[in-house]
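Contents: one structure, followed by commentary.
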2 protein chains.
Amino acid sequence: MVERGVDHVSSTELAVVVGVNPATLRRDLSQLGSYGTRGSGYEVERLLGQVGRALAVDRDWPVVIVGVGNLGRALARSEGFGSGGFRVAVLADVNPAVVGTEVGGVAVEPLERLEAACQREQIAIGVITTPARASQSVAERLIAAGVRSILNFAPVVLSVPSGVVVRQVDLSAELQVLTFYRSRPPGGPPIQKARAKAPKQTRRSP
Amino acid sequence: MVERGVDHVSSTELAVVVGVNPATLRRDLSQLGSYGTRGSGYEVERLLGQVGRALAVDRDWPVVIVGVGNLGRALARSEGFGSGGFRVAVLADVNPAVVGTEVGGVAVEPLERLEAACQREQIAIGVITTPARASQSVAERLIAAGVRSILNFAPVVLSVPSGVVVRQVDLSAELQVLTFYRSRPPGGPPIQKARAKAPKQTRRSP
DNA sequence: AGTTGTGAACTCGTTCACAGCA
DNA sequence: TGCTGTGAACGAGTTCACAACT
């Protein structure tokens, strides 16, 4: 909207875009401290700044990507970095063939130097794009190096100490959500119960 | 658990693994039609089958991946396919350099043949891994070709007709969730209100 | 007139707690 | 005895509806 030169927007317009109820949207934004103007709505640029601050996007967040395969490479070059202070500061991989090569202007470190590199660059966020079998051990090493936030693309539930936040991005889980919706149209019948049940007794006080 | 030879599991054990309350887990599973045994818990293998059926993972789900860059390639070869009847049936790209090459045993089609290929393979799910600017048009073409479920990796909110389910996977959104948690420790203070407020007037009828 | 911010009502998912069954 | 399935209590988040303000 900033790009399009829009300077005010109402809760209703925003709500349509994100697909929620206007009241919900207003209540959520009011948590940021009431930045709308009655009668004309929210000033787009100011709102953007406020939301950015709430998400702490105005800081610099150096990120390490462990695992420079296709996925790691895709993320390192992705449009997602750049927006919001995220910055690929360290890349690491076991494979000697990729160690030393550059991806998006960052040289790939050998896995042995993972901890050192993370500490040097004050890494706050670790992204794991290794094969599944390596992910738990990588997570442990990241945590040992002081990383407290992990984004894991390997299809493995990481076990981590409390205080460490993990987000899981799992292709097959996403696909399953799609097939789940597809196979159960909204308003369709509930899943078949296994046992025959006696017709529901109404048990309401008269 | 099946692999480890575990044959029964209680709601409490499962709840610990997934990090929810045992009662919640039982209620959720009971939607599948009561497959636990009182006294001994759920039979692992049977439960797996039931959950699989509920998620419609026992069917074959041919998938198209549009955009065979690093990300598309990573997904095509990913461990996520194979588990649950997902199968990469079509790959498509605009880039003549990749058209005709094989990724994971599937030849890349030119984008012009997208619709034809989707119809030929009875595609149910489309995965969009193109650059952001291409994603809306790809989505429209997929929908025209009969695809009703879309998994979009481009950082763009797709607008689609009702009846089409879209899931968005967005790196920068995931990172922002991490920084949000990081900058607001649980139990920490709420976000600062902007304006000084008069002490709250109680306005309650006496 | 138009739109926010928010008490109050409401909704729906979560959790308790226990009867019922293996 | 152990654990499920579920009615009932609970509570967090959603929505209504309107006073307050521009």
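In what follows, chains carry the letters A, B, and so on, assigned in the order in which the sequence lines appear, proteins first and then strands, with residues in each chain numbered from 1.
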(Q) Using whole Å, what does the distance between atom P of nucleotide D:dC3 and atom CG of B:Leu14 come to? (A) 13 Å
Q | Evaluation steps, side-chain contact (heavy atoms from CB on, under 4.5 Å), between B:Leu175 and A:Trp61 | A | CA-CA 10 Å; B:Leu175 291 173; A:Trp61 292 96; over 6 Å; no
Q) Is it true that atom CD of A:Gln119 has more than 12 heavy atoms of other residues, nucleotides or ligands lying nearer than 6.0 Å? A) yes
At a cut-off of 3.5 Å, list every protein nitrogen or oxygen paired with a nitrogen or oxygen from nucleotides 13-17 of chain C, distance to 0.1 Å.
{"from": "C:dT15", "atom 1": "OP2", "to": "B:Thr24", "atom 2": "OG1", "distance (Å)": "2.9"}
{"from": "C:dT15", "atom 1": "O4", "to": "B:Arg27", "atom 2": "NE", "distance (Å)": "3.0"}
{"from": "C:dT15", "atom 1": "O4", "to": "B:Arg27", "atom 2": "NH2", "distance (Å)": "2.9"}
{"from": "C:dC16", "atom 1": "OP2", "to": "B:Asn21", "atom 2": "ND2", "distance (Å)": "3.2"}
{"from": "C:dA17", "atom 1": "N6", "to": "B:Arg26", "atom 2": "NH2", "distance (Å)": "3.1"}

Q.
Which is more 5' along DNA chain D, the nucleotide nearest A:Gly39 or the one nearest B:Thr37? Just name the residue.
A. B:Thr37
Q: For B:Asp7 and D:dC3, give me the distance from atom CG to atom P, rounded to whole Å.
A: 14 Å
(Q) Quick check: closest heavy atoms across B:Ala74 and A:Leu71, and the distance to 0.1 Å? (A) CB-N, 3.5 Å
Q. Any idea which heavy atoms bring A:Ala89 and A:Ile123 closest together, and the distance?
A. CB-CD1, 3.8 Å
Q: Kindly check if the number of other-residue, nucleotide or ligand heavy atoms within 6.0 Å of CD (A:Glu121) is above 12?
A: yes
Q.
Regarding B:Ser11, tell me which of base, sugar-phosphate or nothing describes its non-hydrogen contacts under 4.0 Å with the strands shown.
A. sugar-phosphate
Q. Within less than 4.0 Å of OP1 or OP2 of D:dG2, is there a side-chain N or O belonging to B:Tyr42?
A. no
Q | Donor + acceptor pair across side chains of A:Glu140, A:Gln136 (<3.5 Å) | A | yes
Q: Ignoring hydrogens and angles, answer whether the base of D:dT22 and the side-chain atoms of A:Arg38 contain a donor-acceptor pair closer than 3.5 Å.
A: no
